[in-house]
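It should be emphasised that the depicted structure is a prediction, and the values quoted were computed from it without experimental measurement.
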Amino acid sequence: MSDQGSQPDQPDHSVDKAARNLDAYRARYAERTAGMTASEIRALFAVASRPEVVSLAGGMPNLAALPLDSLATEVARLVSEDGQVALQYGSAHGVPELREQICEVMALEGISAHPDDVVVTAGSQMGLDMVTRIFCDPGDVILAEGPSYVGALGSFGAYQAEVVHVAMDEDGLQPEALRQAIADLGKQGKRIKFLYTIPNFHNPGGITLAVNRRAEVLEICRQADILVVEDNPYGLLGFDGKPYPALRSMDPDNVVYLGSFSKTFASGLRVGWVLAPLAIREKLVLTAESATLCPPTLNQMIVSRYLSTHDWQGQIKIFQEQYRERRDAMMSALEQHMPAGCTWTKPEGGFFVWLTVPEGVDTKAMLPRAVTQRVAYVSGTGFYRDGFGSRQMRLSFCYPTPERIREGVRRLANTLSEEMELVRTFGTVPPRSVPGPQAPSPDTA
């Protein structure tokens with residue numbers, strides 16, 4: 001029973017407000033979080049990970065080729081003999097022996113480096129994040145190929161940098177398009193901090209920057225006083241066995257180089273590195289200390305032990321052969337099954353093929369229907385900062401067996417044919433805008 005004279009029940013507006021805003025901390029976040037969005041396909045890939053679904057999406061390396069038994073023996077010996085060091089804090093700079101070995105790895109691409117200029121990171125994604133953190137203020141411009149790696153776009157967006165895409169063709173980044181972008185941004189009074197590029201076996205494009213363009217791209221950037229950030233996780237995975245000359249080898253003073261053992265050894269160890277000029281290196285070490293205190297010592301020592309006790313160059317050749325076989329399976333399946341009007345890149349190494357579908361088909365809208373048909377890919381929209389890419393998709397050939405690749409492409413072609421028939425019958429749907437860069441995940445790596 002209510003008290004005498006009490007007022008009638010009033011609506012509780014706080015409940016309505018809470019219902020409208022499920023995140024009670026929203027008003028407290030930093031402004032830079034506004035551009036951070038989760039991968040829109042992450043929920044779909046919970047379904048796509050089922051064994052009956054052929055995933056042509058994630059760039060997961062084929063670890064079945066590794067000598068796991070001998071690695072297990074070496075890891076056990078490492079902990080037994082050097083556990084007091086391996087399980088302890090280390091330097092943010094990285095384990096000295098590993099930094100020396102990294103210089104030997106980079107020498108295969110013509111890079112001459114001193115171990116002191118190498119900073120070990122928890123994967124090259126951490127290195128990319130640190131470089132962006134060091135150089136970019138909100139509103140600064142980063143030039144990047146269009147399309148570009150989704151993890152890079154996520155880091156750039158997190159630091160409120162503006163991304164301007166530069167066109168590619170079958171020979172990689174177009175020098176004239178780079179010149180034009182620099183000139184246009186100069187007229188607008190905008191600051192360009194660096195060019196971000198994946199010159200070898202591009203993710204997602206599967207394209208390699210032609211050797212005769214490399215010096216020209218570097219000269220354009222040097223004349224415009226623009227730093228070059230070279231991301232090269234796939235450089236040793238060329239199918240002809242001959243590494244391309246790294247951009248860093250051609251211009252040591254103006255190129256920051258990002259490397260990784262994720263594709264040539266084990267992605268789960270999360271060991272990468274940054275090679276940078278002295279002044280930048282000092283800031284990278286300080287940044288690493290503030291971010292992680294130090295990269296995992298045990299993981300670094302496992303990589304170092306692997307490099308010193310195994311034929312790691314022979315192992316890379318095994319990877320090259322396996323990925324070439326998978327690439328060939330995808331190429332032949334695309335030729336056999338894809339409907340007319342589709343085009344695709346023909347990678348000379350790496351993990352990825354970039355497929356363009358006929359006008360009117362939206363690969364992002366089609367993805368749920370593809371997963372229903374038990375095949376998965378990554379829509380092209382995640383690889384552009386400006387919402388383009390609705391007619392593209394990235395296909396990965398690194399993980400499935402050749403038989404699974406052929407079956408996956410067949411399913412994808414059937415789904416695409418059905419989608420094209422729907423477009424012919426009902427017309428196209430206007431492309432949707434993308435709210436911001438998607439955060440990277442293993443699904444889109």
Side-chain angles (χ1 to χ4, degrees), residues 92-94 99 102-103 105-137 140-145 148-149 151-156 158-159 161 163-164 166 172-173 178 182 191-200 202-203 209 214-215 217-236 244-262 271-292 295:
H93 202 161
R99 289 190 277 112
I102 286 171
C103 290
V105 173
M106 291 189 294
L108 296 178
E109 297 174 302
I111 296 175
S112 177
H114 192 281
D116 286 351
D117 292 331
V118 175
V119 179
V120 180
T121 59
S124 62
Q125 181 71 31
M126 176 184 172
L128 178 59
D129 187 88
M130 292 195 307
V131 170
T132 311
R133 178 177 170 186
I134 288 171
F135 280 101
C136 291
D137 292 314
D140 285 342
V141 174
I142 297 171
L143 298 174
E145 293 133 339
S148 190
Y149 169 50
L153 299 182
S155 286
F156 302 158
Y159 290 102
V163 176
V164 173
V166 181
L173 185 72
L178 178 61
I182 293 171
R191 281 198 310 180
I192 303 173
K193 285 301 182 71
F194 57 80
L195 166 67
Y196 170 75
T197 179
I198 309 172
N200 299 322
H202 187 270
N203 178 7
L209 180 62
R214 299 189 177 214
V217 167
L218 291 170
E219 182 60 24
I220 291 170
C221 290
R222 178 170 284 281
Q223 288 181 358
D225 196 25
I226 296 172
L227 184 71
V228 176
V229 177
E230 177 182 16
D231 195 356
N232 191 33
Y234 311 99
L236 296 181
Y244 286 88
L247 299 180
R248 168 75 190 205
S249 72
M250 304 169 73
D251 191 354
D253 295 330
N254 198 48
V255 177
V256 173
Y257 178 97
L258 305 177
S260 175
F261 290 106
S262 291
V271 177
W273 70 91
V274 184
L275 173 65
L278 175 61
I280 298 174
R281 182 255 288 172
E282 290 300 312
K283 287 184 168 52
L284 286 170
V285 172
L286 294 173
T287 304
E289 288 176 342
S290 69
T292 63

Return the minimal non-hydrogen interatomic distance between Arg99 and Pro115, and the atom names on each side.
-> NH1-O, 2.9 Å
Can you name the closest pair of heavy atoms from Asp253 and Pro277 and give their distance?
-> O-CG, 3.9 Å
Pairwise side-chain contact, Phe156 with Tyr196, heavy-atom cut-off 4.5 Å (strictly under) | yes
Would you indicate whether the side-chain heavy atoms of Ile220 and Ile182 approach each other to under 4.5 Å?
-> yes
Under a 4.5 Å cut-off applied to non-hydrogen side-chain atoms, are Tyr257 and Ile111 in contact?
-> yes
Does the side chain of Val229 come within less than 4.5 Å of Thr197's, by heavy atoms?
-> no
Is a side-chain N or O of Glu145 found less than 3.5 angstrom from the main chain of Val166, in a donor-acceptor match?
-> no
Which of these, Val255, Thr132, Val141, Asn254, sits in a side chain to side chain contact (heavy atoms under 4.5 Å, CB included) with Phe194?
-> Thr132
At their closest point, which heavy atom of Met250 faces which heavy atom of Ala215, and how far apart are they?
-> CE-N, 3.7 Å
Report the distance from atom CG of Leu275 to atom SG of Cys103, rounding to the nearest 0.5 Å.
-> 7.0 Å
Between Gln125 and Ser260, does a side chain to side chain donor-acceptor pair (under 3.5 Å) hold up when you go through it step by step?
-> CA-CA 9 Å; Gln125 181 71 31; Ser260 175; over 6 Å; no
Considering only heavy atoms from C-beta outward, does the side chain of Trp273 approach that of Ile102 to under 4.5 Å?
-> yes
Going by atom types only, do Tyr149 and Asp231 share a side-chain donor-acceptor pair under 3.5 Å?
-> no
Supply the atom-to-atom distance Ile280 CD1 to Met130 CE, rounded to the nearest 0.5 angstrom.
-> 11.5 Å
May I ask you to test the Val228-Val256 pair for a side-chain heavy-atom distance under 4.5 Å?
-> no
Given the options Ile134, Asp137, Val131, Ile226, Lys193 meets side chain to side chain contact (heavy atoms under 4.5 Å, CB included) only with Asp137
Residues 272-287 vs salt bridge (Lys or Arg N to Asp or Glu O under 4.0 Å), sequence neighbours excluded, gives Asp117-Arg281
Given side chains that start at C-beta, do those of Leu247 and Leu218 come closer than 4.5 Å, heavy atoms only?
-> yes
Indicate whether any N or O donor in one side chain lies under 3.5 Å from an N or O acceptor in the other, for Ser249 and Glu109.
-> no
State, yes or no, whether a side-chain contact exists between Cys221 and Leu178 at a heavy-atom distance under 4.5 Å.
-> yes
Go through the steps for Ile142 and Leu195 under the test side chain to side chain contact (heavy atoms under 4.5 Å, CB included), then give the verdict.
-> CA-CA 6 Å; Ile142 297 171; Leu195 166 67; over 6 Å; no
Any chance you could measure Phe261, atom CZ, to Leu236, atom CG, to the nearest 0.5 Å?
-> 9.5 Å
Contacts of Asp129 meeting salt bridge (Lys or Arg N to Asp or Glu O under 4.0 Å) (sequence neighbours excluded), chain-then-number -> none
Distance (rounded to the nearest 0.5 Å) between Leu153 CG and Ser148 OG = 5.0 Å
Rounded to the nearest 0.5 Å, how far does CZ of Arg133 lie from CG of Leu284?
-> 10.5 Å
Kindly indicate, with the supporting measurements, whether the criterion side chain to side chain contact (heavy atoms under 4.5 Å, CB included) is fulfilled by Thr121 and Val274.
-> CA-CA 7 Å; Thr121 59; Val274 184; 4.0 Å; yes
Who are the salt bridge (Lys or Arg N to Asp or Glu O under 4.0 Å) partners of Arg214, not counting sequence neighbours?
-> none
Flag, side chain of His93 to backbone of Asp116, donor-acceptor distance under 3.5 Å | yes
